[in-house]
Amino acid sequence: MEVAQTTGANREGRPQLAGLFARFEKHPVAAAVLIVLADMALVILVTLAAQRLIPAAQPDFIALCVATVVVAAALTLLGWWRTAGFNRPAAWRSLYLLWLPAVVTIVLPLLIGARAIEPATAAYLVFAYVLVGLREEALYRGIILRVLRPAGALRAVILSAALFGVAHSANLLVRSNPLIVLAQMVGAFCFGLAYAALRLRTNTIWFLVALHALHDLLLRFSLFPLIPLDVVQDVILLLYAIYLLRDRRALEPAQSSR
């Protein structure tokens, strides 16, 4: 039996939260903005608290851990794990679209080799960037994109990418150069545009989590200069996003109950 999933957020989550889901559908943009602001406030508060209370630790990593747990808890509370894209292979589609992001993410940074990093540092980086990939994809290409869906698929993609870019302004807490943070925000928008389009076109988030983690990780291992490499990757992803978004019908969710 097929059940349409294009309308009615309250059909996809916990019935006892139907009132909340109805508000999401009535005010999708406001709801998405409030969620992002709450996430940014959480990250900022935890970072500042960690700087004051645990000066020897890395405050941004502590904030990352806390925020990841909060996003996972939110998905569990809402009953939105599958809605966010953590679904079964039977629901996946058009996976061939992932080939270009995979090449940009994995092949391009390692074209001239990889730098040696101490095993302990490498293990820490792997763990940290897996958390980054999981948190940011689950939040922005999972919760935020779903909340924005009543506004239309194309608007949802663009707005989720814009919010993803704005959220990177929180990096001002750990970086002293505002121009670098501004460049990160623009790059995050390009990245978010492509990944949101891929989330809708492939109907899954699993591969995006992996590619996001690898993207951030391999930038640290690449022998290429970091900023030029990141810019090239973001430009390619922006152009690819424009290509993916040309067919609006392909952005619509699959009509399946699984």
Side-chain angles (χ1 to χ4, degrees), residues 35-36 39-40 42-43 46-47 58 60-76 80-87 89 92 95 97-110 114 117 121-146 157 160-161 163-168 170-171 174 184-185 187-222 226 229-230 233-234 236-238 240-241 244:
I35 292 170
V36 171
D39 176 74
M40 291 179 65
L42 173 67
V43 171
V46 174
T47 300
Q58 294 191 20
D60 52 339
F61 177 71
I62 294 174
L64 169 63
C65 292
V66 172
T68 302
V69 170
V70 170
V71 170
L75 284 172
T76 302
W80 274 11
W81 280 99
R82 288 190 182 181
T83 299
F86 294 95
N87 48 20
W92 304 350
L95 297 184
L97 295 173
L98 295 165
W99 75 267
L100 181 58
V103 170
V104 171
T105 297
I106 301 170
V107 177
L108 185 58
L110 302 179
I117 297 181
T121 301
Y124 166 77
L125 290 175
V126 169
F127 179 71
Y129 287 129
V130 166
L131 289 184
V132 170
L134 176 60
R135 184 188 94 83
E136 294 189 349
E137 292 308 311
L139 178 58
Y140 289 94
R141 264 66 70 181
I143 294 174
I144 296 299
L145 192 60
R146 175 60 192 89
V157 168
S160 67
L163 291 172
F164 186 56
V166 170
H168 281 70
N171 287 339
V174 293
Q184 287 180 326
M185 293 171 62
F189 171 77
C190 299
F191 184 98
L193 201 66
Y195 272 51
L198 286 166
R199 164 69 185 90
L200 296 184
R201 292 288 299 267
T202 63
N203 199 40
T204 185
I205 205 170
W206 289 110
F207 298 96
L208 302 182
V209 171
L211 286 174
H212 191 146
L214 284 171
H215 172 271
D216 294 348
L217 178 66
L218 293 181
L219 286 176
R220 302 293 294 269
F221 281 86
S222 178
L226 176 60
L229 173 60
D230 204 16
Q233 289 178 314
D234 289 335
I236 293 174
L237 288 176
L238 174 62
Y240 194 48
L244 293 173

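From a predicted model like this one, the values you see are computed outputs, not experimental measurements. We're numbering straight along the sequence, starting at 1.
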Q | Test log, rule side chain to side chain contact (heavy atoms under 4.5 Å, CB included), inputs Val103 and Leu108 | A | CA-CA 6 Å; Val103 170; Leu108 185 58; 5.8 Å; no
Q. Is any side-chain heavy atom of Tyr140 less than 4.5 Å from a side-chain heavy atom of Val36?
A. yes
Q.
If I compare all heavy atoms of Ser160 with all of Leu145, which pair ends up nearest, and what's the gap?
A. OG-CD1, 3.7 Å
Q.
Just by distance, no angles: are the side chains of Thr202 and Trp92 close enough, under 3.5 Å, to form a donor-acceptor pair?
A. no
Q) Looking at side-chain heavy atoms only, is the closest gap between Val46 and Ile62 below 4.5 Å? A) yes
Q | Exercise: identify the closest heavy-atom pair between Arg135 and Val71 | A | CG-CG2, 3.9 Å
Q: For Glu136 and Tyr195, test the side chains for any donor-to-acceptor distance below 3.5 angstrom and give the result as yes or no.
A: no
(Q) Are the side chains of Leu208 and Leu198 in contact, using a 4.5 Å heavy-atom criterion? (A) yes
Q. Can you tell me how far CG of Leu139 sits from CD1 of Ile35, rounded to the nearest 0.5 angstrom?
A. 7.5 Å
Q. Between CZ of Arg220 and OH of Tyr129, what distance do you get to the nearest 0.5 Å?
A. 4.0 Å
**Q.** Closest non-hydrogen atom pair between Pro101 and Tyr240, with its separation
**A.** CD-CE2, 3.6 Å
Q) To the nearest 0.5 Å, how far apart are CD1 in Ile205 and CH2 in Trp81? A) 9.5 Å
(Q) So does Ala102 get a backbone contact from the side chain of Thr105, meaning a donor-acceptor N/O pair under 3.5 Å? (A) no
**Q.** Which atom of Ala67 lies closest to which atom of Asp39, heavy atoms considered
**A.** CB-OD1, 4.3 Å
Q: Please check if the side chain of Asp230 supplies one atom and the backbone of Leu219 the other of a donor-acceptor pair under 3.5 Å.
A: no
Q: Kindly compute the distance separating CG (Leu238) from CZ (Phe189), expressed to the nearest 0.5 Å.
A: 7.0 Å
Q | Spatial distance of atom CZ (Phe86) from atom OG1 (Thr204) [nearest 0.5 Å] | A | 8.5 Å
Q) For atom OH of Tyr124, is the number of surrounding heavy atoms from other residues, nucleotides or ligands below 6.0 Å larger than 12? A) yes
(Q) When you compare the side chains of Glu137 and His212, does any donor N or O come within less than 3.5 Å of an acceptor on the partner? (A) yes
Q. What heavy-atom pair brings Leu229 and Ser222 nearest, and what distance separates the two atoms?
A. CD2-OG, 3.5 Å
Q. Rounded to the nearest 0.5 Å, how far does CG of Leu75 lie from CD1 of Ile143?
A. 4.0 Å
(Q) With heavy-atom distances below 4.5 Å as the criterion, would you say the side chains of Pro109 and Phe221 are in contact? (A) no
Q.
Give me the atom names and distance for the closest heavy-atom approach of Ala63 to Val43.
A. CB-O, 3.8 Å
**Q.** Test item: Arg199 side-chain N/O and Ala84 main-chain N/O as donor-acceptor pair under 3.5 Å
**A.** yes
